[in-house]
Each structure stands twice: as C-alpha cells, then as structure tokens.
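Beneath this line is the structure, given in structure tokens, with notes to follow.
These figures come from a predicted structure and were not determined experimentally. In the text below, chain A, chain B and the rest are named by the order of the sequence lines, each starting its count at 1. Side-chain atoms are counted along with the backbone in the values below, which use heavy atoms only and exclude waters and symmetry mates.
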Amino acid sequence: MSVLDQVPVDGGGSPPVSAPVAVATPEFEAANERQSRRRGLLIALPSYAYLVVFFAVPLLTVVIYSFATRNRFGGADLTGWNIDSYQELGDDLIRTIFVRSAVLALITTVICLAVSYPFAYYMATRGERTRNLMLVFVMIPFWTNFLVRNYAWYVILGSDGPLSRITEFVGLGPTRVLFTQVAVVLGLVYGYLPFMILPLYAAIERLDGRLLEASRDLYANGFQSFRHVLLPLSMPGVIAGSILVFIPSLGAYVTPQILGGAKTTLLGSYIVTQFLTARNLPFGAAMSTVLMAVMLAATIVYFRKGGRTL
Amino acid sequence: MAESAETHGATRANPAVALRGITKRFGSDDTVVVAVDDVSLDIADGEFFAMLGPSGCGKTTTLRMIAGLEFPTEGSLKIFGDEVGTLPPNKRPVNTVFQNYALFPHMTVLDNVSFGLRMQKVSKSDAAARARELIGLVRLSGMEHRKPAQLSGGQQQRVALARALVNRPKVLLLDEPLGALDLKLRQEMQGELKSLQRELGVSFVFVTHDQEEALTMSDRIAVMDDGRLLQVGSAEDLYERPVNRFVADFIGQTNLIEATVADGATIVLANGSKVAATTAHPAGAKVFMSLRPESITIGERGSAPAEFRADCLDGTVSEATYLGHAVDYHVSIDWIDLEVRTPAVVARKRYRPGDNVSVWWNRASNWLVAD
Ligand SMILES: Nc1ncnc2c1ncn2[C@@H]1O[C@H](COP(=O)(O)OP(=O)(O)OP(=O)(O)O)[C@@H](O)[C@H]1O
Ligand SMILES: [Mg+2]
C-alpha cells in the first residue's frame, strides 16, 4: 500500500476505515490528528527539501567558516577553531560601518513608513476598482529586475541626468546627488517601498471602519482618532513593514554599490570585500553571522508581538 | 407656521433634534440611491423615540446624519436649535451606540468608557472616576480591566452604552443596540434601557426593526419605508390609526379588505356587501378596511346581535390553530380570507374547519386607509 493510498480523497478529517462511525472517542480524535499531521508533512516535504539544500546548508557553512582560521592562500583552514574573527568585529572601523548602515537602514525605514502610511490608508479606503488599480501600480516595479531599476536611478541622478538638467534649468544649478548617502537612501526607499505598503495596507484594510467612526463620535478629532485607534490597531502592519524594510536595507549591497559610490562603505559591500578582495573568509563569515543573528532577533520580536500580517 | 402641517412635530418648543426636508442620496448620476427622502421630524428633549421600518428603509442613514457620520444632501438638521448640517461628529452633543458596539478591541473596558472624556481633555483621574461610575451604573463593576473580547454579548452592549453615556450627551443614538442579543437578554436589556433613559432624562433615538420592541419602549415611533417617513406617533396612533396601508400592515397583524366608499357612512366591499364605516374619503374612493384579528368576533352563522348586522360577514372556517392563549381562525368569505383571533377561554365554543360561521366587529374598530 503506497503512502498516497492513505490520503482520503475528501481531504477533511474523515475517520480511518476501521474506526466506528461518527463516535468521537479521544483515541479516534488523536488518530485523526496524527493522520492529518502526517499528511501535512507530506505536502510540505518538497519545500522542506528545498529549504534544507539551498538555505540551511549554505547558512551552516557560513557559520562554520566564521570559526575557522584564515590561511595564507586566501582560503580557510577548517582545523584550528577559534573566535578571533568575532573579536575583530569590535574594531572601530567595523563599528563605524555598522552604525552607518544601521542609521541608513533606520532612515530608510522611517521614510518608507511616513510615505507608505497615508498611501496605504488611502488605498485601503477606496472602492474595489481603485484599490486594485493602485495595488497593480505598487507591484509594477517588481516586473523589472532590481539591478536595472537601480541603474535607472543611476541615470536619473547622474550629473548630466534628468534631475540635474531640471535643477539647472530652473536656475538651481546642477545637483550632485549621485554617489552620496542621499542617493543610497533614495534608492533603498524606492526599492523597498512595496514591502512597507503591502503589510500596512493589509493591516488597515482589515480594520473595522466603524471603530474610527466610533472614535470620532466620541469626540476624537482626526489626529486623535489616528493616534489612539488607527495606529495601534494597524501596529502589526507597521512592525511587519518596518522589519521587511529594515532588514534588507541593513545588508543592502546592490543599491549602495551603484548609487553610493566608494565613499559610503556599508555592511553589505564590506562583507563582499572580505570574501572577494581581502580574501578573509572567516571574518566575512563572522560578520554575516552576526548580521543574520540581528535580523533573526528582529523577526522573533515581530512574531512575539503577535504580528500575523502578510 | 407653514411647515408644521407636514412636519410630524413634537409639541415642545425647542426640540432636541429637528429635521427639515432631510434628503440623502448616495452614488452619482446613473447609480443614485435615495436612502432618505425628504424627512422632516422633531424629537423632543427627553423623549424615547424609535425609528421603525423594513430593512434598507433609511433608518441607519438618518441616525448617521444626526451623529454627523454622514452629511445630508439636502435639508436642515438642528440639534437644540443649532444648525449642525456638516459639523463633524466630534463637535456634536450626541453619542452613538453602534449596531455591533464597535468597542475598541485594544483597550480595556475602563479605557473604552473613558475614551470620550479623555478626548475632551478631561484629566486622567477624573475621566477614570466618571467612567467607573458609569461602569457601575451598567452593572459591570469588577470588569474594568477586561478587554472587549473577554466579555459576553450583553456585557459588551453595556460597555457600549456606558461609553456613550459617560459623555452626558443630550441625545443618545442607538442603532439596533439589542439586535445581536438572544431573546431573553434582549427583553432584560429593553427594561434596563428604558429605566436608564427615564433616570437620565436623555433623548434616545432608537433604531430597530423589531416592532414589538418599538411599541413597548417608545414614547413615539417613526415608521419609514423606502427612505420616506410615513407616520410618527405613539404606539396607539400607529396601531389604531395608521395613515396608510403600509403602516396598517407593518404594525401588528391586520386584515386589509379592499372596498369602495359609497357615502360618508357606508363602504361597499368587493362582493357587493355593504358595511358601515365612517369615513372622510370621497364617494367612489378606493380604500382598505383594516380589521385587527383580535377585534373580530366569531359565532354561529346568523348569530350576530342585531346591532352588528351592518358589520357582519358570513363565511366558513378554513383553518383553526390553537395558540394556547388564543385560537386563530382563518375564515373564508367568498373572495377573501379573514384572520380572527379569539381568547382561548375554556367555556367558549371552538369551531372546526368546515363550520359555517358569521364574523362581526365593533364599528369603531375598523379603520379605513388609502392605498
Ligand atoms: N454608503 C452607502 N453607499 C450607497 N448606498 C448606501 C450607503 N449606505 C446606505 N445605502 C443605501 O441606502 C439605503 C438605506 O440604508 P440604511 O442603512 O439606512 O437602511 P436601514 O433602514 O438601516 O436598514 P437595516 O434595517 O437593514 O439596517 C439602502 O438602500 C442602502 O443600500
Ligand atoms: Mg441599519
């Protein structure tokens, strides 16, 4: 008898053939639950396999390498285990890069939040047609490669690009935005905006509009209504969106590389340098591990806060 | 005053709420919905006022316009003499108990109830003290720190009530506040609401589609249909003197018998039989005679006392239903079926389907309405 034969066609928790009909004994329920759990595992198996091969194994490799020793040939010796790489992380330069990346990611997150909230609110309170149209507009950038979109900004912000031309035309002189942190933040905000808008939209859309009406009826003005009802009730969306923007911004590589130029070394590009140029694999691995730990912590905090959006 | 003829007014000089020619249209051009159509009425200070009507007749929309959650397309809306047409809800001395309570799920009972005061910048301790007072009034003391999800439907209903009343509104708007409760709890809350209203002397505007609820609780009732206000009056007015066929049919059960006015004292039924009825309708007018089932007497064929001869019809029992406190008969009379309800007194003779009977009624209990 193959495994598939045990899966009832109707999908519901139908009793095994041997069980008496429709009598919910504890044993019967337990058997039923075991069976549905086994079935769930079976369905999820391909995804698990994929995650193990392409996610868990590389991740583990990075963690292992972070405890290895750098050898003369730019590789890593997997013999003398140590935590030297982690101690090097206390270095002033690293700390500066980390703080700079974190501040940039934070600014990006805050700007995304400030831009997205009114947008998401507007979207969530429109009729179905307008709403779907707006959703499509939010998604459109995803149809283009991330790299291409960054190069688009590169062109726009360049010294002889449209932006500079316009400012020159209105008499403000040429702009020098490209290769500054402003350009990096701009690029990051642009790139990650949908990750903020969508969870916010989901949270606000789900909210019962009558609660806002009730607050207005109870003497709240528009701002108080936002502050005491809308915002707290859409908090899961705010947290989800913030994490979804902050985490990739913190480790961003492509955008700072293209729009930031050499002046602004951020965590992402520094790690890449460790792997490819400096050939200090254990150190690069240690930085990656710490970064991932920070992100993991943030994610756990989010789920603990009861966020279920997305 | 010119408008008083069409305004279903309270007699008080300064009504709590005054609607004049209020119309609300939703949508635009091709998909326009007239939710409220030229409604004028006064609600007196301290009155228990009910709005009754079938689903979609515009009760909620009217209430929302008084609350400021919706603005009228046309007409004037005054609260204690002040025009409030487009004033936002937070600037109006009215509060609402929403249909499904709309309690803030992230706040405790205490925070919910003190919300209105806090928004008006009442200090935290004062707000809490007054909130506790109201929580006591609705008998929820001890539950201050629960979240709405930890309360039963009836308790949530009380929180909603306390949350609105803590602000000492001059008018309280209630949109089917008891709709979600089971029958027993609903009856209990009806009594509580009524006594609370008397105690506080606040005007209650109470939306319901349960006519019994409206009849038992209210000082006056407005009956609406399809956005229009049909009649405003006491329970007796509506039950005994409905202004048209819809109200007669909607309030309680009634037999509506088509007839033509012969002269000021007689009407002719569809089968040609003449029935006595005093009417102001002109001769030849088509009317309906409304006869409540309980105001009809049933007896052996031809046994009607002499004084009822002119208000009597002969027929056959087609159905008899025992209801415990009453017996319900359906009597076929040539072209119509009459419903007759008699108290189920043990000594009284019961009739069976097929029995030949006469039915008669006191002339004062028939009521003519136009179509
Ligand atoms: N926001 C709106 N947009 C369009 N039409 C609306 C809107 N609100 C109400 N309507 C329409 O107006 C009419 C009156 O609605 P309203 O909610 O006032 O009815 P109601 O008497 O409260 O009914 P119910 O007893 O079912 O609650 C209905 O036909 C409804 O479809
Ligand atoms: Mg309604």
* Can you establish whether the number of heavy atoms outside Lys78(B) located under 6.0 Å from its atom NZ is more than 12? =>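 Not more than 12 within 6.0 Å, no.
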
* Asked: Should we count CZ of Phe146(A) as having more than 12 external heavy atoms under 6.0 Å?
  ->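 Buried by this count: over 12 neighbours within 6.0 Å.
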
Donor and acceptor N/O pairs, chain B versus chain A, under 3.5 angstrom:
from: Arg64(B); atom 1: NH1; to: Glu213(A); atom 2: OE1; distance (Å): 2.8
from: Arg64(B); atom 1: NH1; to: Glu213(A); atom 2: OE2; distance (Å): 3.3
from: Arg64(B); atom 1: NH2; to: Glu213(A); atom 2: OE2; distance (Å): 2.7
from: Asn90(B); atom 1: N; to: Arg216(A); atom 2: O; distance (Å): 3.2
from: Asn90(B); atom 1: OD1; to: Arg216(A); atom 2: NH2; distance (Å): 3.1
from: Asn95(B); atom 1: OD1; to: Tyr219(A); atom 2: OH; distance (Å): 3.0
from: Asn95(B); atom 1: ND2; to: Asp217(A); atom 2: O; distance (Å): 3.0
from: Thr96(B); atom 1: N; to: Asp217(A); atom 2: OD2; distance (Å): 2.6
from: Thr96(B); atom 1: OG1; to: Asp217(A); atom 2: OD1; distance (Å): 3.1
from: Thr96(B); atom 1: OG1; to: Asp217(A); atom 2: OD2; distance (Å): 3.4
from: His106(B); atom 1: NE2; to: His228(A); atom 2: O; distance (Å): 2.9
from: Met119(B); atom 1: O; to: Gln224(A); atom 2: NE2; distance (Å): 3.4

* **Which atoms of Leu173(B) approach chain A - backbone, side chain, both or neither, heavy atom under 4.5 Å** =>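 Nothing of Leu173(B), per the 4.5 Å heavy-atom cut-off to chain A.
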
* Pro105(B) versus Leu211(A), closest heavy-atom pair with distance ->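 Nearest heavy atoms, Pro105(B) then Leu211(A): CD-CD1, 3.7 Å.
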
* Asked: Considering all heavy atoms of both residues, which atom of Ala102(B) and which atom of Ala214(A) are nearest to each other, and what is their separation?
  ->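 Looking at all heavy atoms of both residues, the closest pair is O-CB, 3.9 Å.
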
* Asked: By number, which residues in residues 132-139 of chain B have some heavy atom less than 4.5 Å away from chain A?
  ->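 Heavy-atom contacts from residues 132-139 of chain B to chain A are absent.
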
